[in-house]
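Here's the structure we're looking at; comments come further down.
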Number of protein chains: 2
Amino acid sequence: METSEALNIFRKGLEKFVVFNEAEWIVFTQHLSFISLKKKKYFAVPEQVCEKVGFIVSGSMRYFHIIDGQDITNYFSFENEFVSSYKSYLTLQPGITYIQALEDTRLITFTRDDMEQMLQNPLLAFKMEHFGRTIAEYYLCCYEDRMASFITQTPEERYLSLLETGREILQRMPQHYIANFLGITPVSLSRIRRRLMVHR
Amino acid sequence: METSEALNIFRKGLEKFVVFNEAEWIVFTQHLSFISLKKKKYFAVPEQVCEKVGFIVSGSMRYFHIIDGQDITNYFSFENEFVSSYKSYLTLQPGITYIQALEDTRLITFTRDDMEQMLQNPLLAFKMEHFGRTIAEYYLCCYEDRMASFITQTPEERYLSLLETGREILQRMPQHYIANFLGITPVSLSRIRRRLMVHR
DNA sequence: TCAAAACGTTAACTAAAGATAAGAAATGAA
DNA sequence: TTCATTTCTTATCTTTAGTTAACGTTTTGA
């Protein structure tokens with residue numbers, strides 16, 4: 001895949017957050033980097049500041065923690081989605097999560113430094129504030145739903161919801177990752193699936 | 001408390017998100033409303049669009065759901081914090097949560113309409129984009145931590161974390177609200193507290 | 001002020017999840 | 001292919017949480 005093709009995908013993916021005119025786009029793209037991560041390579045690790053945001057052109061990423069030596073999956077990101085240890089990126093404090101490529105993954109990234117520069121650049125400042133606002137709002141909405149599901153639903157109900165709305169996760173992720181994502185262990189998810197098989 | 005005093009508190013509380021100059025402040029304040037909610041009155045209810053954001057000048061609010069007739073607390077907000085059913089406010093779709101005053105509460109609010117107008121107003125647009133960005137980023141960080149605590153910690157560990165960092169919640173909220181906030185039932189929290197008493 | 005409601009704890013019981021281990025099936029790499 | 005790893009299921013056992021109900025205390029508000 002060529003750089004220009006990746007850029008087109010990115011521009012399209014950005015549309016719901018911000019639309020640049022040609023002059024803005026030229027400057028904006030000067031702040032972008034292209035990176036490829038081989039499967040299992042890390043985009044972010046705990047204890048380090050995650051100083052960039054990525055847009056996934058192709059591939060997928062997994063957010064996870066290691067607790068008492070155990071690998072616990074928190075979230076996934078796929079093509080046309082953004083990826084970052086946001087709090088770390090925003091506060092420039094060390095993050096608490098691993099972010100790992102689940103397959104060979106191509107990303108377009110910009111750093112916090114780039115963002116600061118664009119926010120200082122009169123030509124881009126307004127659009128970048130807008131971009132920052134809409135993307136943060138978007139993920140805020142995702143978190144609001146996800147948090148509510150943990151407060152109001154049982155693990156089984158969360159799994160049933162995922163069956164309805166989580167096509168991509170169900171199809172592309174191994175079950176033990178999905179289990180953690182639902183807040184339970186793989187063994188537990190296996191039992192839930194069994195219960196559902198038997199009773200329905 | 002007078003309106004001007006409330007405004008000063010608001011302006012101070014806003015500082016970490018956006019700083020207005022005098023001209024901007026005058027226009028901004030024209031879009032604000034002052035409301036008082038008696039204890040137990042609602043700021044937002046499910047099925048309805050929550051078309052405003054509030055800043056709590058005094059008092060406190062509780063976010064909760066009703067599931068199978070059961071009242072389940074999700075979150076709290078106190079003085080100097082913002083309150084809204086954000087996803088509903090942002091998407092103008094019906095919300096899924098009740099937001100209720102826990103005591104007589106004074107708020108400064110602006111509506112989604114007001115925000116749209118200010119975003120269209122050349123004098124304020126930039127600052128409002130910035131405000132929207134920083135506030136969404138702030139709450140995104142809160143959610144990231146809260147979500148991680150549900151994925152990586154047991155209820156007991158979440159309670160212990162709250163003991164360290166949740167002074168205000170522990171002091172001002174009844175225990176059965178705190179239990180839900182931690183993702184468990186009141187009975188369960190009572191047992192956890194007992195275990196901790198005995199073993200330490 | 002006084003009855004009702006709300007709150008926190010405890011008990012008894014049930015249901016579900018965690019931990020661990022074992023084994024089968026699928027996947028992947030040399 | 002073959003061998004190792006990963007993945008998923010199942011079983012056993014332990015721990016924890018959910019449910020319901022009872023009880024005493026505190027708070028509330030009519």
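Here is how names work: the chains are called A, B, and so on, in the same order as the sequence lines, proteins then strands, and each is numbered from 1. All figures in this text were calculated on a predicted structure; none of them were measured in a lab.
- Counting only residues at least two apart or in different chains, side-chain hydrogen bond (donor to acceptor under 3.5 Å, both in side chains) contacts with residues 171-185 of chain A comprise Glu79(A)-Arg172(A), Glu103(A)-Arg172(A), Glu168(A)-Arg172(A), Gln175(A)-Arg193(A).
- Every pair tested for salt bridge (Lys or Arg N to Asp or Glu O under 4.0 Å) that includes a residue from residues 45-54 of chain B fails, sequence neighbours excluded, so the list is empty.
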For nucleotides 23-30 of chain D, list the nitrogen or oxygen atoms of the protein found under 3.5 Å from its nitrogen or oxygen atoms, one pair per line.
none

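- With sequence neighbours left out, Asn8(A) forms a side-chain hydrogen bond (donor to acceptor under 3.5 Å, both in side chains) with no residue at all.
- The side chain of Arg194(A) contributes no N or O atom lying less than 4.0 Å from OP1 or OP2 of dT9(D).
- Sorted by first then second residue, the salt bridge (Lys or Arg N to Asp or Glu O under 4.0 Å) pairs that include residues 126-154 of chain A, not counting sequence neighbours, are Glu24(A)-Lys127(A), Glu129(A)-Arg133(B), Arg133(A)-Glu137(A), Arg133(A)-Glu129(B), Asp145(A)-Lys87(B).
- For Leu92(B), the side chain to side chain contact (heavy atoms under 4.5 Å, CB included) partners at least two apart in sequence or on another chain are Val49(B), Arg112(B).
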Report, one pair per line, the protein and nucleotides 15-18 of chain C atoms (nitrogen or oxygen only) whose separation is under 3.5 Å.
| from | atom 1 | to | atom 2 | distance (Å) |
| --- | --- | --- | --- | --- |
| dA17(C) | OP2 | Arg195(A) | NH2 | 3.1 |
| dG18(C) | OP2 | Thr185(A) | N | 3.2 |
| dG18(C) | OP2 | Thr185(A) | OG1 | 3.0 |
| dG18(C) | OP2 | Ser188(A) | OG | 3.2 |
| dG18(C) | N7 | Arg191(A) | NH2 | 2.8 |
| dG18(C) | O6 | Arg191(A) | NH1 | 3.2 |

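- Rounded to 10°, the angle separating the first-five-pair axis and the last-five-pair axis of the helix from dT1(C)-dA30(D) to dA30(C)-dT1(D) equals 60°.
- An OP1 or OP2 oxygen of dG8(C) is reached within less than 4.0 angstrom by a side-chain nitrogen or oxygen of His176(B).
- Gln48(A) is linked by a side-chain hydrogen bond (donor to acceptor under 3.5 Å, both in side chains) to nothing, counting only residues two or more places apart in sequence or in another chain.
- With sequence neighbours left out, Arg158(B) forms a salt bridge (charged side-chain N to carboxylate O under 4.0 Å, His left out) with no residue at all.
- At a threshold of 4.5 Å between non-hydrogen side-chain atoms, the residues Phe43(B) and Ile56(B) do not count as touching.
- A continuous path of hydrophobic side-chain contacts links Ile35(B) to Phe78(B) [ILVMFWY only; heavy atoms under 4.5 Å].
- Using a 4.0 Å cutoff on non-hydrogen atoms, no part of residues 60-71 of chain B comes near DNA chain C.
- Under a 3.5 Å cut-off, the side chain of Thr97(A) and the backbone N or O of Phe64(A) do form a donor-acceptor pair.
- Listed by first and then second residue, the salt bridge (Lys or Arg N to Asp or Glu O under 4.0 Å) pairs involving residues 10-19 of chain A are Arg11(A)-Glu22(A), Lys12(A)-Glu15(A) (not counting sequence neighbours).
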